[in-house]
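Below is one structure; the comments refer to it alone.
In what follows, chains carry the letters A, B, and so on, assigned in the order in which the sequence lines appear, proteins first and then strands, with residues in each chain numbered from 1. No hydrogens, no waters, no symmetry mates; every other heavy atom, side chains included, goes into these values.
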4 protein chains.
Amino acid sequence: MSVPERYVISLRAGNRLRPVTASRTEQRKAELRREIVAASFDCFAEQGYHATGIADIATRLGIGHGTFYRYFDNKRDIVEHVIDDLIARILAALGEENAPDAVSTLEDYRLQSARIGEAVANLIGADPRVPRLLLLEAPGVDAELRERVLDFIESMTEVTAAYLAHGVELGYLRGDLDVVQSARAINGMILGAVIHGVRHHDEDSQATLARAIQRLMYDGIAAR
Amino acid sequence: MSVPERYVISLRAGNRLRPVTASRTEQRKAELRREIVAASFDCFAEQGYHATGIADIATRLGIGHGTFYRYFDNKRDIVEHVIDDLIARILAALGEENAPDAVSTLEDYRLQSARIGEAVANLIGADPRVPRLLLLEAPGVDAELRERVLDFIESMTEVTAAYLAHGVELGYLRGDLDVVQSARAINGMILGAVIHGVRHHDEDSQATLARAIQRLMYDGIAAR
Amino acid sequence: MSVPERYVISLRAGNRLRPVTASRTEQRKAELRREIVAASFDCFAEQGYHATGIADIATRLGIGHGTFYRYFDNKRDIVEHVIDDLIARILAALGEENAPDAVSTLEDYRLQSARIGEAVANLIGADPRVPRLLLLEAPGVDAELRERVLDFIESMTEVTAAYLAHGVELGYLRGDLDVVQSARAINGMILGAVIHGVRHHDEDSQATLARAIQRLMYDGIAAR
Amino acid sequence: MSVPERYVISLRAGNRLRPVTASRTEQRKAELRREIVAASFDCFAEQGYHATGIADIATRLGIGHGTFYRYFDNKRDIVEHVIDDLIARILAALGEENAPDAVSTLEDYRLQSARIGEAVANLIGADPRVPRLLLLEAPGVDAELRERVLDFIESMTEVTAAYLAHGVELGYLRGDLDVVQSARAINGMILGAVIHGVRHHDEDSQATLARAIQRLMYDGIAAR
DNA sequence: CATGAATGAGCCTTCATTCAT
DNA sequence: TATGAATGAAGGCTCATTCAT
């Protein structure tokens with residue numbers, strides 16, 4: 001699954017591909033940074049962005065709240081990093097699935113989309129706070145962050161569109177498919193599933209929903 | 001289109017079905033209430049809930065901000081009313097379409113869902129701030145309001161499920177349809193369309209997306 | 001003594017020449033404003049600008065510190081008003097002396113400068129915190145306020161220069177007088193006296209200093 | 001020109017008359033001390049005392065800001081040293097002129113005061129930040145430093161008074177001169193000139209002002 | 001009933017200072 | 001000895017809410 005450039009970058013900047021030779025202090029610093037992001041994530045998820053004070057984050061970590069400001073510019077800065085981190089995590093989770101051009105038959109495609117569906121389900125199952133924060137909390141922080149989230153959603157649509165285009169090309173998807181808009185529709189279903197998963201963590205529900213989505217995708221609802 | 005009880009109630013409370021014999025002052029009061037809700041909606045949509053002060057709302061109406069508290073308990077109270085008002089408006093817009101049991105053939109059903117799709121598109125087209133506030137701003141206010149919004153989404157699912165169940169019963173929809181989960185999937189597509197419409201107001205885009213959703217619903221994407 | 005336009009304005013704006021028909025509330029407001037300026041003056045004089053908190057000012061007045069912000073934008077705003085008020089007070093005190101063109105003989109001029117000297121002495125005697133705050137505290141607040149104070153000093157030089165020019169014109173002052181620079185020198189003596197008065201409030205000292213300045217002005221120090 | 005004891009001391013402590021046999025490290029330490037004072041002077045002059053952080057000073061020198069505290073106790077300590085250093089520099093500049101008892105005629109005295117005037121002018125011309133920091137910034141730091149500056153001004157008055165007393169004794173100055181108060185007046189003129197020089201660095205202006213002061217000193221302003 | 005002056009809880013942020021490395 | 005990461009006191013400022021007029 002190919003991924004828009006900016007997220008790749010932030011992914012790398014996040015924690016990978018660092019120069020292997022990081023000094024002791026630098027490692028500590030990077031770790032504390034990550035811990036602050038994690039603690040902030042916890043706080044935001046528990047109480048919401050606006051109800052969370054910098055002091056809450058610091059206290060949770062057992063650090064002075066002045067320390068926070070050594071690592072992030074201000075409250076706005078941290079929420080941005082938390083969200084970017086979430087996006088990076090999601091992309092990482094999805095990115096492990098194969099690329100759009102890795103399949104060549106409808107059956108393969110079914111399997112692939114099932115895998116992706118499962119990845120999404122796992123993501124939610126592993127931590128329902130992730131979609132909740134990303135989709136329900138972040139857009140309410142301010143206009144910029146809302147745009148950021150919408151950008152992310154759109155970028156996912158592009159990915160899906162690429163999958164569909166590949167399928168049309170190879171002939172196992174309808175030739176008259178409006179790939180972009182269909183991608184939007186399909187991602188809407190996933191979005192709906194994710195939002196449903198925010199409250200209903202039970203695996204069964206997730207599984208049946210996933211199956212329903214897939215049946216709908218391939219067969220539609222009309223009786224034959 | 002049947003509508004969950006609570007929203008009906010709030011709808012009534014909103015502005016209809018009042019005893020016809022309302023005194024002069026009571027009418028004034030009711031009107032100012034409505035104006036405050038409208039002004040609050042404008043403010044929240046423009047600046048977001050947290051960035052909006054009670055003073056902003058009052059100023060916009062040219063009333064003293066003390067007056068605000070004669071009509072609503074507090075800031076939390078008003079946002080709840082604004083959101084309920086939005087939901088009521090949406091339900092009203094959708095409720096004008098026929099009920100689930102009004103159709104008996106697939107063709108009718110197609111037409112009905114097309115009408116509903118158009119109603120949704122009109123809603124967005126008329127004022128994209130409505131979905132933005134409801135779906136992107138409100139859930140970030142606090143946990144309770146988030147639940148409220150999720151409740152609304154689920155209630156819409158129930159409505160859709162009723163439509164599907166009716167179709168299965170009458171045999172024009174697949175007999176093995178998981179009506180609830182399919183309803184969730186379908187509503188996800190609508191959700192996706194609405195969120196897309198938050199930023200892309202152009203009618204064309206809305207129309208092609210609606211068509212893509214409908215084709216997907218009935219035929220799926222697989223080549224036959 | 002004529003006075004530069006801007007200070008006249010601020011003087012008026014300060015508290016005079018208001019429309020006589022000020023409503024009850026407006027009067028209260030204006031009075032509280034003045035009280036805040038006065039309390040701020042006290043605080044700044046006692047502890048210095050930077051050591052004074054808004055809370056100190058509010059507490060001294062027995063008002064909530066939020067109230068302060070209803071009357072002044074921020075801490076910077078109040079110090080500016082305090083300083084402007086001081087300048088206005090000084091100009092008012094000096095302005096009561098006659099204008100530069102009111103005298104026509106050396107003897108009159110001597111008397112007039114003696115009166116001015118006395119006015120300055122009274123100013124200091126009445127409240128040595130005034131020159132201390134204006135000359136020693138305000139310039140240390142920030143660059144802008146420093147410039148404000150220097151502007152004031154220069155404006156006083158212009159006034160003195162006008163006096164001297166008048167004297168040269170009428171022939172009772174040396175024809176070859178460099179009026180501007182001499183004015184600066186004379187005002188320097190006054191400045192020195194004022195600064196001396198900041199610590200030495202005794203009238204005797206002020207009086208003998210005033211006499212020494214006047215002798216120096218008219219006769220110089222050289223033996224004849 | 002004799003100089004009050006305390007300043008002599010601080011002068012020595014500042015950088016002179018150290019035991020010649022200072023170890024390598026001691027020399028380094030002394031030098032860094034001086035560099036810190038210099039950097040602090042720069043910072044205070046540029047941004048003002050309160051707006052300057054210890055970090056600014058350290059950064060300017062390229063040292064860690066913890067190092068600062070190995071050389072000075074705290075922020076207050078350094079500003080005191082900076083001011084003392086300024087005073088020492090000024091005294092050094094003026095001290096190079098002859099002592100009060102080195103002249104015996106009015107003409108010599110004129111020349112001497114002209115030299116002193118020139119020294120003052122040079123001081124300002126060389127670095128207008130010196131008087132600005134000493135006279136306009138330092139008194140606003142806190143009460144103690146304000147007193148320090150006022151002490152310095154008074155000590156200068158004593159020096160001038162000694163000059164005048166010498167002149168009266170030798171008969172080339174008016175016998176009825178109030179030497180102390182006249183000294184204060186004369187120093188006031190210098191003070192005025194210095195403060196004027198803070199903003200107006202042009203040599204011409206300084207020169208004509210110096211001349212005006214001298215004419216005033218010896219001849220007064222009255223027409224003969 | 002409408003108003004807006006008053007209030008103070010609460011929060012973000014800075015920065016002088018300490019101290020372990 | 002030099003460093004800079006950590007700290008938390010301190011303070012400026014906002015804004016929802018109350019209440020006297």
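- As rounded to whole Å, 13 Å separates atom P of F/dA5 from atom CD1 of A/I36.
- Within the 4.0 angstrom heavy-atom criterion, base atoms lie near B/R70.
- The two residues B/L32 and B/T67 make their nearest non-hydrogen contact at CD2-CG2, 4.5 Å.
- In this structure, the CG atom of D/L61 is 15 Å from the C1' atom of F/dT3, given to the nearest Å.
- No donor-acceptor pair closer than 3.5 Å links the side chain of C/K29 to the backbone N or O of C/Y71.
- The two residues B/A51 and B/D56 have their closest heavy-atom pair at O-OD2, 3.8 Å.
- Within 6.0 Å of CZ in D/R28 there are 12 or fewer heavy atoms belonging to other residues, nucleotides or ligands.
- The one candidate from B/L150, B/L136, B/V149, B/L135 that meets the side chain to side chain contact (heavy atoms under 4.5 Å, CB included) condition with A/L136 is B/L150.
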The contact string for nucleotides 8-16 of chain E, one letter per nucleotide 5' to 3', using protein heavy atoms under 4.0 Å with B, S and - for base, sugar-phosphate only and none, comes out as BBB-SBB-S
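- Put simply, CZ on A/R28 is 9 Å from P on E/dT21, counting in whole angstrom units.
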With both pairing distances under 3.5 angstrom for Watson-Crick or G-U wobble, and | for a partner in another strand, the correct string for DNA chain F is .||||||||||||||||||||
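- A salt bridge links C/D84 with C/R148: the closest approach of a Lys/Arg side-chain nitrogen to an acidic carboxylate oxygen falls below 4.0 angstrom.
- The separation between C/E31 atom CD and E/dA5 atom C1' is 15 Å, rounded to whole Å.
- Checked for salt-bridge contact, B/D85 and B/R89 meet the test: a charged N lies under 4.0 Å from a carboxylate O.
- Between the OG atom of C/S40 and the CD atom of C/E80 there is a distance of 13.0 Å, given to the nearest 0.5 Å.
- For E/dA5, neither phosphate oxygen OP1 nor OP2 lies less than 4.0 angstrom from any side-chain nitrogen or oxygen of C/Y71.
- Counting to the nearest Å, the P atom of E/dA5 and the CD atom of C/E35 are 16 Å from each other.
- In this structure the side chain of C/L61 never reaches within 4.5 angstrom of the side chain of C/F68, judged on heavy atoms.
- The separation between C/K29 atom NZ and E/dT3 atom P is 16 Å, rounded to whole Å.
- Between the P atom of F/dT3 and the CD atom of A/E26 lies a distance of 17 Å, rounded to the nearest Å.
- Rounded to whole Å, atom P of F/dT21 lies 16 Å from atom CD of C/Q27.
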